[in-house]
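Before any comments, here is the structure.
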Amino acid sequence: MAVLDRPATDEQLVNERLDALLTEHDPKATDARTFLGAQFDAGLAWVHFPEGYGGLGVSPKLQRTVNERIAAAGGPNSYWRNPIGAGMGAPTVVTHGTEEQKQRYLKPLFTAEEIWCQLFSEPGAGSDVASLATRAVRDGDEWVVNGQKVWTTLAHLSRWGMLVARTDPEQPKHRGLTYFVVDMQARGVEVRPLRQITGEAEFNEVYFTDVRIPDAERLGDVGDGWRVSLTTLMNERVSIGGAIAPKGSGPIGEAVKIWKAKGLGDPALKDELMKLWAEAEVNRLTNIRASQLRAVGTPGPEGSTAKLAFAELNKRVYEFCLNLMGPEGMLYGSYEMIRPETAMGADSLQKAFLRARANSIEGGTSEVMRNILGERVLGLPGDVRVDKELPWSKVPRS
Ligand SMILES: Cc1cc2nc3c(=O)[nH]c(=O)nc-3n(C[C@H](O)[C@H](O)[C@H](O)COP(=O)(O)OP(=O)(O)OC[C@H]3O[C@@H](n4cnc5c(N)ncnc54)[C@H](O)[C@@H]3O)c2cc1C
């Protein structure tokens, strides 16, 4: 659409595009991929992305209008089908990718034809992910990768992985990294299930043995992998903790429902419920404010506030729910190993309680979130970092 054709306000533009999308592609009669493809073409995938890449170049706060109207019409949700791709892969590609990469990756990512995973954590590098040891060595127009990643959510379904590997061990840890998009079906990539406390294997360990990655699938410059990773990590925190659900919905809505169903009159429990409800509402309002401040859609360290608050509250709310359930809270369907089709899903309160334990670990632990908030938001003195300026190869590791 030419610039002259744009309506007076961005809000009108988004609503006009939505009207056309919902009229031309009735969500109830259109298959999910076709609908999501049309949503992408209309610039309604990530409205703050530039035109031509699934966006309209408008404020990210208008995405809420899109999501709410499509959900109300019974349309599909890309995020639930491809959470790591839609929440973290796409913003990284649009920020750091070449024109060719943006054209290749973004649309099938949004339609969930191609699922994405994040290959950052390793057995010896989690919170301190910049110390990772997976090696990529250049060989002509390709890179040869060897190493092991762990806790890789949805790797078993993925077509592409966001891989950070060490390309220069003689540089200090943050400077010798390079970021790649790796084909998860390439020869030498092995995905093995890891079972969680829920019984499901939503994540995996991934082994790389002489995997060849074309240089054209490198994202950003050689040695610039840490800067590219920060885009993924900042978006991860917002993606995990920054969702803006309707008032009183989500986990706290579950707690209210079960409170009503149990008909308990205990004033101490009611007091606890009200405190949790007030905290959930404060988090929700804080997220609305943060999303409105994010004029260009690039989250900063303040995304750690949402992630920390979400993780800690979620655990407490589900603990409260299980307390209300009494002995029923100990009943669990089955521990049979399942390979789920999506991440963070739960079909019972018992499973939600167990799954919530991971919230304060995944996407950065609560302790690490507090460090980030202390240092980068409040400006407090930094953590002790003895290895920051040493060449990575000179740092002792187990
Ligand atoms: C459900 C789930 C899904 C995940 N999915 C993915 C994924 O898809 N891709 C991926 O790459 N990773 C994934 N992870 C990994 C996750 O990012 C790491 O588990 C996390 O960063 C912590 O690293 P670690 O497990 O190695 O713990 P460690 O870093 O070894 O930490 C151990 C303990 O020490 C504390 N600690 C560490 N450093 C500090 C410090 N400087 N100050 C204070 N305390 C500190 C931590 O808070 C923690 O309590 C997932 C994890 C979970 C639980």
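As the structure lists them, so they are numbered: ligands from 1, and atoms in each ligand from 1. Everything numeric here is computed off the predicted structure, so don't read it as measured data.
Side-chain polar atoms of T232 and Q118 form no donor-acceptor pair below 3.5 angstrom. Between the side chains of T134 and E122, at least one donor N or O lies within less than 3.5 Å of an accepting N or O. Side chain to side chain, R355 and N314 fail the donor-acceptor criterion of an N or O pair below 3.5 Å.
Using bins of under 30°, 30° to 60° and over 60° for the plane-to-plane angle, the ring pair F110/F40 lands in the tilted bin. Ring-plane geometry between F35 and H25 is classed as perpendicular, the angle between the planes exceeding 60 degrees on a 0 to 90 degree scale with a lower cut at 30.
Residue-level contacts of ligand 1 at the 4.0 Å heavy-atom threshold are Q118, F120, S121, G126, S127, W151, T152, T153, Q196, F203, R355, A358, I361, E362, G363, T365, E367, N371, D383.
Looking at residues two or more places apart in sequence or on another chain, you find no salt bridge (Lys or Arg N to Asp or Glu O under 4.0 Å) involving E100.
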